[in-house]
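Please read the structure below before turning to the comments.
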Number of protein chains: 2
Amino acid sequence: MLVAVDCIIFGFDGKELKILLVQRHLEPELGKWSLMGGFVQPEENLKQAAARVLTLLTGLTNVYMEELLSFSEPNRDPVERTLSVAYFAFIDINKYEQQLSTEYHAEWFPLANFPKLIFDHNIMVQKAKARVQYKAAFHPILFELLPAKFTLPQLQSLYQGVYDVTMDKGNFSRKVLSTGLLVKQAEKDKASSKKGAYYYKLDKRKYNANFHAVLNIIPNPDTLYI
Amino acid sequence: MLVAVDCIIFGFDGKELKILLVQRHLEPELGKWSLMGGFVQPEENLKQAAARVLTLLTGLTNVYMEELLSFSEPNRDPVERTLSVAYFAFIDINKYEQQLSTEYHAEWFPLANFPKLIFDHNIMVQKAKARVQYKAAFHPILFELLPAKFTLPQLQSLYQGVYDVTMDKGNFSRKVLSTGLLVKQAEKDKASSKKGAYYYKLDKRKYNANFHAVLNIIPNPDTLYI
DNA sequence: TCAAAAGTGTTTAAAGTACACCCATGA
DNA sequence: TCATGGGTGTACTTTAAACACTTTTGA
């Protein structure tokens with residue numbers, strides 16, 4: 001059996017969640033959109049394979065990445081039986097190297113509206129979306145989508161985009177700051193308002209130490225499904 | 001590459017969590033303890049393979065089962081490169097068919113104290129334990145370990161065993177009953193006390209409908225790790 | 001000077017916790 | 001009758017939600 005990995009790569013453009021797709025340059029399904037994937041090599045494990053594939057497409061290393069699920073229907077690949085283990089990844093969309101996108105015919109699509117993909121890749125994306133919504137309700141993973149310095153309104157807009165809700169800024173601010181994970185900067189971002197919003201940075205030490213801890217940022221997480 | 005599944009099978013004997021292990025009857029590692037596993041067959045997907053393996057060992061079907069993670073180090077199996085996807089399962093320990101245990105040289109071991117296993121199976125069990133603790137803090141999966149009729153003290157003892165904590169019976173009872181998932185029976189279990197404790201059954205309809213909903217049964221879930 | 005977005009404060013409601021108390025019953 | 005485990009009630013604390021209010025500043 002062939003063994004492959006596929007990557008659901010998420011980015012955030014300030015307004016909505018996006019996923020990075022590639023246009024296949026080989027048969028079958030040449031020219032159709034698909035997730036970036038690749039076969040596992042003899043000397044690597046699956047996580048390394050996924051990281052390698054992600055680096056090929058984005059130029060980025062040390063990216064947040066997590067195993068999603070395996071996809072194993074006997075005839076999911078019409079040519080030869082292939083097991084694929086899907087990984088999802090969060091990248092800072094600004095760090096993404098544009099020149100690679102032409103090489104791989106890659107393009108960002110809104111998670112809310114992207115084309116039909118090959119094989120079972122649409123299901124992979126759907127499962128990844130659900131997993132992200134679930135996990136981000138309890139763990140501070142969405143910071144991985146933002147640049148090193150970000151404002152609370154930016155962060156709130158990200159959360160609102162992920163869950164398609166509007167949140168009270170006062171309560172949001174209090175919840176997020178009460179985690180102790182953010183460090184206020186002296187500087188302000190004046191781009192999106194007259195008053196300007198303070199920049200914050202992640203406290204890397206606390207972030208790494210508390211990453212697994214369960215937070216509670218989303219109202220009514222009991223409506224989430226995994 | 002060979003593709004296999006391995007099953008971490010959990011049971012509850014009324015006092016502590018247990019896992020079902022088998023003694024290998026083939027080389028390599030003949031005679032050593034291991035998880036029950038098997039290779040994926042041409043006409044089945046991984047979940048079906050895991051279910052088949054579980055049925056072989058326990059005689060049970062329609063068992064709660066969930067994909068854990070893939071295990072893919074190139075030399076995890078010294079004979080030939082084998083990818084294994086681990087699944088964990090919950091069974092009612094009383095329904096387990098004893099006669100199969102002799103056939104497969106199977107035995108229940110306390111999760112808190114079980115032998116060294118082959119390959120990376122110890123890591124699989126460790127990951128499964130963490131996942132169970134995580135998931136059971138938010139979802140009512142532990143009911144799968146109990147018989148159809150059970151008492152609140154039994155359920156509390158299960159939760160206490162899984163998290164190695166003691167909980168207030170009043171608060172526990174209120175929380176569990178507030179989910180609306182339990183139906184009180186007229187009958188009492190008089191085995192473990194003079195007064196006797198009422199039996200409860202799961203409301204199957206509500207259980208299936210609300211299974212994914214996030215409950216909040218465990219105090220301080222923010223100390224959990226996934 | 002005023003609209004617009006950032007940030008703070010306050011009131012109210014809900015949820016969680018600790019713990020005291022009552023109940024039923026077999027030895 | 002009394003020790004034991006089951007079950008209920010209540011006061012208190014913590015957390016969350018709603019929303020009003022103040023601040024800043026460029027147009």
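Order of the sequence lines fixes the chain letters, A, B, ..., with proteins taken first and strands second; residue numbering starts at 1 for each chain. No experiment lies behind these values; they were computed from the predicted model shown.
When only modelled atom types and interatomic distance are considered, B:Asp6 and B:Ser84 share a side-chain donor-acceptor pair under 3.5 Å.
If you look at A:Phe114 and A:Trp33, their ring centroids are not closer than 6.0 Å.
For the pair A:Lys188 and A:Tyr198, the cation sits on the ring face: its NZ or CZ lies under 6.0 Å from the ring centre, inside 45° of the axis.
Counting any heavy atom pair closer than 4.0 Å across all strands shown, B:Lys169 reaches a base atom.
For C:dA6, the base has a donor-acceptor partner in the side chain of A:Lys195 [N/O atoms by modelled type, under 3.5 angstrom].
In this entry the distance linking CG of B:Asp168 with P of D:dA11 reads 17 Å, nearest Å. Rounded to whole angstrom, the span from the CG atom of A:Asp189 across to the P atom of D:dG26 amounts to 13 Å. Distance, A:Gln156 CD to C:dA6 C1': 11 Å, rounded to whole Å. To the nearest angstrom, P of D:dG7 lies 6 Å from CG of B:Leu152. Atoms CG (B:Asn171) and C1' (C:dA20) sit 13 Å apart, rounded to a whole Å. When the P atom of D:dG5 is taken as reference, atom CD of B:Gln160 falls 14 Å away, rounded to whole Å. B:Arg174 places its CZ atom 10 Å from the P atom of C:dT17, with the value rounded to the nearest Å. In this structure, CE of A:Met167 is placed 19 Å from P of C:dA5, rounded to the nearest angstrom.
In this structure, of D:dT10, C:dA24, C:dA6, it is C:dA6 that holds the atom nearest to the side chain of A:Ala197. Closest contact between the side chain of B:Lys184 and the listed nucleotides D:dT8, D:dG6, C:dA18 involves D:dT8. With D:dG9, C:dA6, D:dT8 as the candidates, the nucleotide lying closest to the side chain of A:Pro153 is C:dA6.
In terms of phosphate contacts, B:Lys190 brings a side-chain nitrogen or oxygen within less than 4.0 Å of OP1 or OP2 of C:dG26. An OP1 or OP2 oxygen of D:dA17 is reached within less than 4.0 angstrom by a side-chain nitrogen or oxygen of A:Lys175. Between B:Lys194 and D:dC2 there is no side-chain polar atom (N or O) within less than 4.0 angstrom of OP1 or OP2.
Between B:Leu20 atom CG and B:Thr58 atom OG1 the span is 8.0 Å, to the nearest 0.5 Å.
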Test side chain to side chain contact (heavy atoms under 4.5 Å, CB included) applied to B:Phe71 and B:Phe119, step by step: CA-CA 10 Å; B:Phe71 292 82; B:Phe119 305 167; over 6 Å; no
